[in-house]
2 protein chains.
Amino acid sequence: MAAERKGGVTISQVAKEAGVARSSVSRAYTRPDMLSPETVERIKAAAGKLGYVPNHTARALSTGRYGNVALIVPDVANPFFPPMIRAAQVEADRSDFCVFLGNSDEDPEKEDQLLGRFAGQVEGIILASPRLSDERIAAHALLRPLVLINRDVKGIPKVLIDSGTGIAEATQHLADFGHRNIVYVSGPSTSWSNKQRRAAVRHASKKLGLELSFVSASVPSFEAGLQAVDAILAKGATAAIAFDDVTAQGILAGLGERGVSVPGEFSVVGCDDALGPLTVPSLTTVSSRSIEAGKLAVSLLLEVLGSQAVRDASYVLETHLIVRSTTGPAPERGQS
Amino acid sequence: MAAERKGGVTISQVAKEAGVARSSVSRAYTRPDMLSPETVERIKAAAGKLGYVPNHTARALSTGRYGNVALIVPDVANPFFPPMIRAAQVEADRSDFCVFLGNSDEDPEKEDQLLGRFAGQVEGIILASPRLSDERIAAHALLRPLVLINRDVKGIPKVLIDSGTGIAEATQHLADFGHRNIVYVSGPSTSWSNKQRRAAVRHASKKLGLELSFVSASVPSFEAGLQAVDAILAKGATAAIAFDDVTAQGILAGLGERGVSVPGEFSVVGCDDALGPLTVPSLTTVSSRSIEAGKLAVSLLLEVLGSQAVRDASYVLETHLIVRSTTGPAPERGQS
DNA sequence: GGTTGACATGCAACCGGTTGCACAGCATAG
DNA sequence: CTATGCTGTGCAACCGGTTGCATGTCAACC
């Protein structure tokens, strides 16, 4: 009722109103069992009357428990991340934690800055697909609990989405369709996922006797995919596996512009299933499990926070090929 | 260098190391002009040696300036929001603010909870497309600075994306193509944007003499769009304007399943330009300006924080139709 | 040469909670 | 009837900074 202007009703005001000591008010909230039921009642009544709400910040300062975690991603707007962010959010919520979100813009330095800015108001940090060096990551991990997503640094708990399995399936799928010459359109060089995917496609191609070339789209974006098309066609390939779905869509758009039909003349495979069946033609891609990764990362972090023990836990999530409509038989070879 | 175990190098440790008082260390960071240059230098050196980082929380407690803002959205994974979130993030960063992200899952109650949880550790809150009642919003606004996006509550600063202009253009566009019977597929009933769009399409249809019906997709999602298709076709319409792009994509997919060609037999218009030209066929839609909205909302909030004055400011961003490939001439009318 | 004022720094209170410890009151055991 | 222990509450220190005020120093001024 009594909507005091701005700011704050404090513990002292409640204490005075209820005729008890400040410490009793505090305990009424944190350890009510220490007080007689009547006292608790009286305090709660006074608090209600004044509209008292415990101050999160003050509590954090004296207990060291902030009730916050931070999640840092390279690009919020990349459709791979929102579902993950959402899942992390939900999971944190279940334990009454708040989530700070950081966007590094694919920039390692920015990532470092954010890490610093968040420090001191979070209990732990989740770094998703970090672009930072192993050394810096290890340094930060020394200062506070850290969980990685899609990055493998020794001694730090992590959740890895193993796109290798899915990529291998994709390569096999293309080979089955008779493609002999394919391209892998790679993503950020500092991305663990990119390294993993690149290695997987190389390994599978070798095993299957496919000719493989690489084209680089340093940033995973629609535009980068679009711009990669000329280079891709120049390699004489009949199919491409892209670092991610967004890049793949760019490639599709570029092929369309050049009158190359998909999947008739050229096949495209994405990765991360970030767009779902939402596009037409729907994209053949590799499942990502980013939702599980987000959820898992938070619960892993909270677990680490609970038991000081810095468990060097790793969760690995396997992926699989999802065949939709952008892959088909290799075209008959007219000329070289 | 000296990587002290966990937690924190404090101001006191730095003070001892540098041989000065705690207050001087504090001032070396907040008001260096009050100290002699040499002292500042000596303190910074000591701080560097110890690896001192000012504690955000402690500072917030004593100054009341938290350096945090919260952004609450109904669904992070809805592609309309990520670009907005990103823009808000970037803008906040420019002023050294951190961003809490909240996801309400389209649930008013959850929204209320989040508002409560964030209170006490943020200086201000941005509510994007809130599903909460006007009363609750006004109540929260009384307690702390609040900025709304796509919601119009009297006396509260806001950024509105006026999709009305774009929707009117879209209706005109369909009429020009000879469509006489159209459907508006509406979104969440508590959404201000939905009300606005609904009103705009109604108004424009009336003016142009079009027959208009409504189909409801209570939640804006691909599935909801998919499920709305039967109802849409039952209305005998030749074109649909959807509440947003995601719903529109669902409609497109549903039409595809039923063998209805777009734009040959049926035209579809989305709203928000959330997907860009990313899809094939690319979606005719209404621009959203969500990036500007996110940026503007943050700068407006920071401005309100700067000058206590609760400016009842409103920014209105006009929108326009973006014609792509999902609209075309109305089909010849074979039968009724 | 004593006064004045600017400047640099230290002291101590404060922000709003939490928590170890002391203490009073009362019941039970010896 | 005193020793013992438990329970409920208050006191005061502490978390890590910020900030108003007091103090000491030194140069400039009359």
Side-chain angles (χ1 to χ4, degrees), chain A residues 4 6-44 46-47 50-68 116-123 143-144, chain B residues 4 6-44 46-47 50-68 96 119-123 143-144:
Chain A
E4 309 295 325
K6 284 265 167 170
V9 180
T10 75
I11 209 175
S12 306
Q13 299 176 36
V14 176
K16 190 155 72 173
E17 176 74 24
V20 298
R22 298 192 313 140
S23 47
S24 293
V25 178
S26 171
R27 286 194 261 258
Y29 285 87
T30 54
R31 320 247 312 258
D33 52 301
M34 278 185 71
L35 266 42
S36 77
E38 311 90 64
T39 309
V40 173
E41 180 110 358
R42 191 151 39 93
I43 292 173
K44 294 265 180 179
L50 265 48
Y52 168 73
V53 179
N55 181 316
H56 203 110
T57 304
R59 179 173 339 215
L61 181 58
S62 64
T63 60
R65 277 173 275 118
Y66 293 84
N68 297 329
R117 211 200 288 315
F118 289 142
Q121 44 184 347
V122 303
E123 284 177 62
L143 297 175
R144 64 193 58 78
Chain B
E4 310 293 323
K6 283 267 171 173
V9 180
T10 76
I11 209 175
S12 306
Q13 299 176 35
V14 176
K16 190 156 71 172
E17 176 74 24
V20 297
R22 299 193 311 142
S23 47
S24 295
V25 178
S26 172
R27 286 195 261 258
Y29 285 87
T30 54
R31 320 244 314 256
D33 51 302
M34 279 186 69
L35 267 41
S36 76
E38 312 87 64
T39 309
V40 173
E41 179 110 357
R42 190 150 40 92
I43 292 173
K44 294 266 179 177
L50 266 48
Y52 169 74
V53 179
N55 181 318
H56 205 110
T57 303
R59 178 177 331 216
L61 182 57
S62 62
T63 60
R65 279 173 276 118
Y66 292 85
N68 298 327
D96 272 342
Q121 45 184 346
V122 302
E123 285 178 60
L143 297 175
R144 63 191 59 78

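Residue numbering restarts at 1 for every chain, and letters A, B, ... go by the order of the sequence lines. The basis for the numbers below is simple: all heavy atoms, side chains too, and nothing from hydrogens, waters or symmetry mates.
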Is any side-chain N or O of [X] closer than 4.0 Å to OP1 or OP2 of [N]?
X        : N       : result
Tyr29(B) : dG16(D) : no
Thr10(B) : dG16(D) : no
Arg59(A) : dC15(C) : no

(message) Return the CZ to CG distance between Arg117(A) and Asn68(B), rounded to the nearest 0.5 Å.
(response) 10.0 Å
(request) To the nearest 0.5 Å, tell me how far Ile43(A) CD1 sits from Glu17(A) CD. (result) 12.0 Å
Can you tell me how far [atom2] of [N] sits from [atom1] of [X], to the nearest Å?
X         : N       : atom1 : atom2 : value
Ile11(B)  : dT19(D) : CD1   : C1'   : 12 Å
Leu61(B)  : dT19(D) : CG    : C1'   : 14 Å
Lys16(B)  : dG16(D) : NZ    : C1'   : 15 Å
Arg65(A)  : dG17(C) : CZ    : P     : 15 Å
Gln121(A) : dC15(D) : CD    : C1'   : 16 Å

(request) Could you tell me whether Lys44(A) sits above the aromatic face of Tyr29(A), with NZ or CZ closer than 6.0 angstrom to the six-membered ring centre and within 45 degrees of the axis? (result) yes
(request) Could you please name the option among dG16(C), dT19(C), dG17(D) that lies closest to any side-chain atom of Thr63(A)? (result) dT19(C)
(message) Quick check: closest heavy atoms across Arg65(A) and Glu123(A), and the distance to 0.1 Å?
(response) C-OE2, 3.4 Å
(request) Please report the closest heavy-atom contact between Thr57(A) and Tyr66(B), naming both atoms and the distance. (result) OG1-CE2, 2.9 Å
(message) For Ser12(A), is there any backbone N or O sitting under 3.5 Å from a side-chain donor or acceptor partner on Arg22(A)?
(response) no
(request) Indicate, with a heavy-atom threshold strictly under 4.0 Å, whether Thr30(B) touches base, sugar-phosphate, or nothing. (result) sugar-phosphate
(message) Across nucleotides 6-14 of chain D, 5' to 3', mark each nucleotide with B, S or - according to how protein heavy atoms within less than 4.0 Å reach it.
(response) --SBBBBB-
